[in-house]
Amino acid sequence: MRWSQTLIPTMKETPEGAEIPSHVLMLRAGMIHQLMAGAYTYLPLGYRALRKAEQIIRQEMDKAGAVEVHMPALTPIQLWEQTGRVEAFGDVLIKFDVRRQGKKVPMALGPTHEEIVTDLVKKFVSSYRQLPLTLYQIQTKFRNEERPRFGVLRTSEFLMKDAYSFDSTVEGLNANYDRMYAAYCTIFRRCGVDYLAVEAESGPIGGDASHEFMAIADNGEDSVLYDPKSGYAANQERAETGKRTVAKSTVEPKPLTKLHTPGVGSIEAVSKFLKCKPHQMLKTLIYTADDKPLAVLIRGDHEANENKIRRAVGAKKLALADAALVEAITGAPVGFAGPVGLKQPVPIWADDDVAGMANMIIGANEADQHYVGANLERDFQVEKFADLRNATAGDPSPRSDGKLELRHAIEIGHVFKLGTKYSEAMGAKFLDDKEQQHTIIMGCYGIGVNRILASLIETKSDANGVVWPMSIAPYEVIVSSVNAADAEVSAAADKLYGELQAAGVDTLYDDRDQRPGVKFKDADLIGIPLRVVVGGRGLKEGNLELKWRTKEAPEMIPLAGAAEAIAKLVAGERDRYR
RNA sequence: CGGGGCGUAGCUCAGCCUGGCUAGAGCGUCUGGUUUGGGACCAGAAGGUCGCAUGUUCGAAUCAUGUCGCCCCGACCA
């Protein structure tokens, strides 16, 4: 493609509002243009990169035995009502009515497609002989994000590859899951993304039923705990901690004293008011576990983990108590709960770290009152200690004697054993070889295609711009003529461009009559891996200049046979991402 | 949803506090010329409902109220 014939609106300055590298550079490199909050046009360069990522995904999905379909983005609301996800999604689901022949037809734009595929499979699959089956599509999803942000990372409209596996047995599901997991590893490697496969919350199935694929990046919205020693990695929701050996405090216990703390209920407010640190404070959270009340004690600087609590107490459902229940149990408005002097006796569970605390600051179960100097056993009893909080940096690893590190990450893929959640709700069944009817067992597997691009830019760009891997780069080679007004130069550049195209190299030909500085800056900014300069300086000696985007120094090659040599270099680089 | 910030030329911004002639600069664009290896130079030109509405005023980009848009931070943390 000739630069002069396409649309690559590069920018020297950073547009107002763009802050993180991927957003800034995608705008500056002329890859995208914002239409409104959370919706971007992909311009030629951005769209080519997106399609390269798509193509890699497609190849690997096909190799893994999945078959491509294309479902509508427009969906009837009834399907979502069948599984209760109209409520579950809430405002995130984009719903609307259209009028047809005087009647209102309610619809939604698909935020994902479990209901739609399950409906499809229900209609066409009825025998174990037709299973297993894995369907996938690469398609635009719509989610009304409360707050779209970070450029292309969180948008209301995005490209997703979503695959769904259908099996007659759990073993079949496990095999499919493993196949998808392996395919994902290949996909992200081929895209040149440094990723980590982390354990994620798996919902009703438990075990190793869910993994997220994370690109480690400072601007990522997700938090991952990682133990470099054992390779253990999990998202913050899921991460276990190793056994925390908590020594009992040897500090002299102080007397329990009530203090007036008017209007300060939160940990932050109390610590400010009493000039103490959050880790000296104790949070008392009132939950309902399967509708029975429960008090949970967590050190003030820690975060409760509801999944861990739910599993620890063996409940199916866990939710924070509402204000009325909190008041009934503690006798105080929300913000002043504590384990001493609860109005109603409820089981008290505590996180392991609470065992090492002394002279704690706790709510006094009375409005605007706190206790200081609260101590275990003397002042209150704990029924059971367990790991009930989010893991955090520095916690012991559950798999080695190392420590967990906290990293920010961008979620680029997710594999999940669904089980029968949707097939059950929608009645997708099959007959086995004994003529028995069973519910189809499902898995689902997603990849955020736009996020592959964004995470590459977040992690691989430099001060001069984007640095694409050969596999995703919108063009593999950029031919820059310097100077284009010189007939001899442009003739040589034209010829090289033609030969590279003929050799199957994706080539961008910067044929603009611009000064060299402009062309070099732009070439760096848009991140094409290999730059070829055709200029008077080299031509005199019968040479061309080659420069890799990742290298400082250029090298000269003879003009004769240049296209072949370049094609060879490109092929070699392509091989690294095969 | 809560809090904060910003809307002036295609882009980045000045002007606003303290209202007053034809609203400015740089970049980009267009014309002509000189240049040509890391975002050139000279001369000229085009390009603006100052986000929108209402109000105050002799007079509003500037003050007030409302509204819309965009960006950032935080969101069951007791």
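Below, read A as the first sequence line, B as the second, and so on, with proteins coming before strands; counting in each chain starts at 1. Everything numeric here is computed off the predicted structure, so don't read it as measured data.
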> Could a donor-acceptor pair under 3.5 angstrom be found where the side chain of A:E13 meets the base of B:G26?
Replying inline: yes

> Ignoring hydrogens and angles, does a donor from either the side chain of A:R149 or the base of B:G74 sit under 3.5 Å from an acceptor on the other?
Replying inline: no

>> Does the structure place the NZ or CZ of A:R531 under 6.0 Å from the centre of the six-membered ring of A:F520, at an angle of no more than 45° from the ring's axis?
In response: yes

>> Using a 6.0 Å distance limit plus a 45 degree cone around the ring axis, check whether A:R85 lies over the aromatic ring of A:W80.
In response: no

> Considering only heavy atoms and no angle criterion, is a donor-acceptor pair shorter than 3.5 Å present between the side chain of A:K12 and the base of B:C27?
Replying inline: no

>> Rounding to an integer number of angstrom, what distance separates B:C42 and B:C27 when you compare their P atoms?
In response: 9 Å

>> Need one value for A:G538: base, sugar-phosphate or nothing, where a base atom within 4.0 Å counts as base even if backbone is also close, heavy atoms only.
In response: base

> At under 4.0 Å between heavy atoms, what does A:R28 touch on the DNA or RNA strands: base, sugar-phosphate, or nothing?
Replying inline: base

> Looking across every strand, which nucleic acid part, if any, lies under 4.0 Å from A:I286 by heavy atom: base, sugar-phosphate, or nothing?
Replying inline: base

> Which nucleotide in the list B:G26, B:C72, B:U36 gets nearest to the side chain of A:R147?
Replying inline: B:C72

> Could you state the CD1-C1' distance from A:I298 to B:C76, rounded to the nearest angstrom?
Replying inline: 15 Å

> Where the side chain of A:P15 is concerned, which of B:C70, B:C72, B:U12 is the nearest nucleotide?
Replying inline: B:U12

> Taking side chain as C-beta onward, heavy atoms only, is A:V382 less than 4.5 Å from A:L376?
Replying inline: yes

